Student: 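Structure incoming, see below.
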Amino acid sequence: MTDDQLKTTPLNAAHRAAGARMVGFGGYDMPVQYEGVLAEHRWTREHAGLFDVSHMGQCKITGADAIAQFERFVPGDYAILKAGRQKYSLLLNAEGGILDDLMAGKPDHDGLYVVVNAGNKDADFAFLRDNLSGDARLTVLDDRALIAIQGPEAAEVMEAHEPVLAEFGFMDCARLVLFGVDCFVSRSGYTGEDGYEISVPAADAERIWSEILKDARVKPIGLGARDSLRLEAGLPLHGHDVDASTSPVEGALTFALSKSRKERADFNGADRILKELAEGPARVRVGLSVKEGAPAREGAEIADMDGNIIGNVTSGGPSPTLGCNIAMGYVPPKFAELGTELKVLVRGKPAAAEVVAMPFVAQRYYRKPKTA
């Protein structure tokens, strides 16, 4: 895509005014960095980073049949999901491959509010339009922007704007008036840090963005640091770490499979997925600590200690928090045990690597204390 063909978010002018370096991503002109990826990564880990994620797709699925229809294509149990809660799930094709990963929740009493990935949103919406039946209706919310604030100081920042947000726990969501406008808010994000995602009317996005940035604890953060943060958190990027050929079992995303749905086996690809759960998949996503040399980037081959190629890296780079190189990739299950020594081929040269637990950096989501 040329720059002229790229779409823009409602915050494009604000990014350019702030001196952001802009790149094409998911069909949009997006900020990759402001003052530098390393500084922005560290700021988010220590304070609060503000991200424009308006390129993501937002929609509502409503009607009496909304949840039953949605559940045909995802393996999560949304029928029992309480109002004011959301959960991560996977949009599956008939073969059990991951068309996209998404967030879906019940911020109000009007069906489901769903957020999908930018690069897939047109295909996702087309798939849902073609396959939802009964009185389930898809409404694309293309008149809204999406802002994420992430980091250990995010909750205090947002509490100053709306005290009720401090009462949210991880994956709580609500529709409420914030900054004087109708918003969908969830306590979630894509960095491994505590924080919120806030859907706002597009016409108010720049005003709200600027208002949040008045707080000295907050800085704008680009896609570069968003990627290094999600890599440290062990979170997959669709189209790279998982795709339409990948099952949830291969992708190490079995936490998204609700027990009740596995028992009913009534979702796309259930036969394949249940078989892989019982017998094991052919490959599985693992975390790697790359112990020497340059970072192992997407596409780098993974070899066993005898030099046999057994898989590929799907995401990789330096970890600013850990001070070493890390990666994710796929290997046969027999090589997936923690502590297994492997090699990655970086620019044709083998480098020592070890299978390690994910997340690489501990996630710091806020979970409310359990009451007695």
Side-chain angles (χ1 to χ4, degrees), residues 75 88 90 92 95-98 101 192 227-243 245-259 262 269-365:
Y88 173 89
L90 307 165
L92 302 173
E95 294 74 39
I98 302 171
D101 57 348
D227 191 59
S228 57
L229 288 159
R230 70 93 193 166
L231 176 60
E232 287 188 342
L235 301 174
L237 176 62
H238 194 276
H240 301 264
D241 305 297
V242 294
D243 58 31
S245 71
T246 314
S247 77
V249 185
E250 291 176 323
L253 298 170
T254 54
F255 68 88
L257 308 176
S258 295
K259 181 181 178 182
K262 288 187 287 185
D271 288 348
R272 171 192 177 184
I273 291 167
L274 295 176
K275 183 178 180 181
E276 288 182 352
L277 285 171
E279 301 176 6
R283 56 176 186 157
V284 67
R285 180 171 64 99
V286 297
L288 297 170
S289 173
V290 181
K291 298 183 174 182
E292 58 188 6
R297 304 287 187 180
E298 181 177 1
E301 294 178 315
I302 303 171
D304 65 17
M305 296 305 288
D306 294 324
N308 302 304
I309 302 302
I310 58 170
N312 290 88
V313 169
T314 53
S315 285
S319 165
T321 304
L322 299 176
C324 64
N325 293 324
I326 57 176
M328 294 190 288
Y330 283 83
V331 298
K334 69 178 182 178
F335 295 102
E337 256 186 69
L338 298 182
T340 300
E341 293 184 355
L342 298 171
K343 293 186 179 294
V344 292
L345 302 182
V346 181
R347 299 170 191 163
K349 296 181 179 178
E354 180 184 345
V355 176
V356 296
M358 295 188 289
F360 300 95
V361 174
Q363 296 165 345
R364 296 196 284 188
Y365 306 129

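We use all heavy atoms of the structure for the numbers below, so side chains are in, but hydrogens, waters and symmetry mates are not. Worth saying up front: this structure is predicted, and the values here are computed from it rather than measured.
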Student: Please assess Asp241 against Glu298 for the test side chain to side chain contact (heavy atoms under 4.5 Å, CB included), listing each intermediate value before the final yes or no.
Tutor: CA-CA 9 Å; Asp241 305 297; Glu298 181 177 1; over 6 Å; no
Student: Would you check, one step at a time, whether the test side chain to side chain contact (heavy atoms under 4.5 Å, CB included) holds for Val331 with Leu288?
Tutor: CA-CA 11 Å; Val331 298; Leu288 297 170; 5.9 Å; no
Student: How long is the gap from CD1 on Ile310 to CZ on Arg283, to the nearest 0.5 Å?
Tutor: 13.0 Å
Student: Using ring-ring contact (aromatic ring centres under 6.0 Å, His included) as the criterion, list what pairs up with Phe335, not counting sequence neighbours.
Tutor: none
Student: Mind checking what makes salt bridge (charged side-chain N to carboxylate O under 4.0 Å, His left out) contact with Arg297, not counting sequence neighbours?
Tutor: none
Student: Atom CD1 in Ile302, atom CD1 in Ile309: separation rounded to 0.5 Å?
Tutor: 9.0 Å
Student: Report the residues that fulfil salt bridge (charged side-chain N to carboxylate O under 4.0 Å, His left out) with Glu292, sequence neighbours left out, ordered by chain and then residue number.
Tutor: none
Student: Nearest heavy-atom pair of Pro333 and Ala282: which atoms, and what distance?
Tutor: CD-O, 3.4 Å
Student: Provide the closest heavy-atom pair for Gly192 versus Leu235 in the form atom of the first, atom of the second, distance.
Tutor: N-CD1, 4.3 Å
Student: Residues in salt bridge (charged side-chain N to carboxylate O under 4.0 Å, His left out) with Glu276, at least two apart?
Tutor: Arg272
Student: Return the minimal non-hydrogen interatomic distance between His240 and Ser315, and the atom names on each side.
Tutor: CB-OG, 4.5 Å
Student: So, using salt bridge (charged side-chain N to carboxylate O under 4.0 Å, His left out) as the criterion, who are the partners of Asp227 when residues are at least two apart?
Tutor: Arg230
Student: Pairs under 3.5 angstrom only: tabulate donor-acceptor contacts from the side chains of residues 337-352 to other protein residues two or more places apart or in another chain.
Tutor:
from   : atom 1 : to     : atom 2 : distance (Å)
Thr340 : OG1    : Glu337 : O      : 2.7

Student: For a quick test of reading the model, state the closest non-hydrogen atom pair linking Leu257 to Lys262 and the distance between them.
Tutor: O-CE, 3.8 Å
Student: Test Glu232 against Ser319 for side-chain hydrogen bond (donor to acceptor under 3.5 Å, both in side chains), laying out the working first.
Tutor: CA-CA 7 Å; Glu232 287 188 342; Ser319 165; 2.6 Å; yes
Student: Would a 4.5 Å heavy-atom cut-off, applied to side chains only, mark Glu250 and Val242 as touching?
Tutor: no
Student: Would you name the heavy atoms of Gly96 and Pro248 that are closest together and state the gap between them?
Tutor: O-CD, 3.5 Å
Student: Looking only at heavy atoms, which two atoms of Tyr88 and Pro236 are closest? And how far apart?
Tutor: OH-CG, 4.1 Å
Student: If we only count heavy atoms from C-beta on, is the Ile98 to Leu253 side-chain gap below 4.5 Å?
Tutor: yes
Student: With rounding to the nearest 0.5 angstrom, report the CD1 to CG distance, Ile326 to Leu231.
Tutor: 4.0 Å
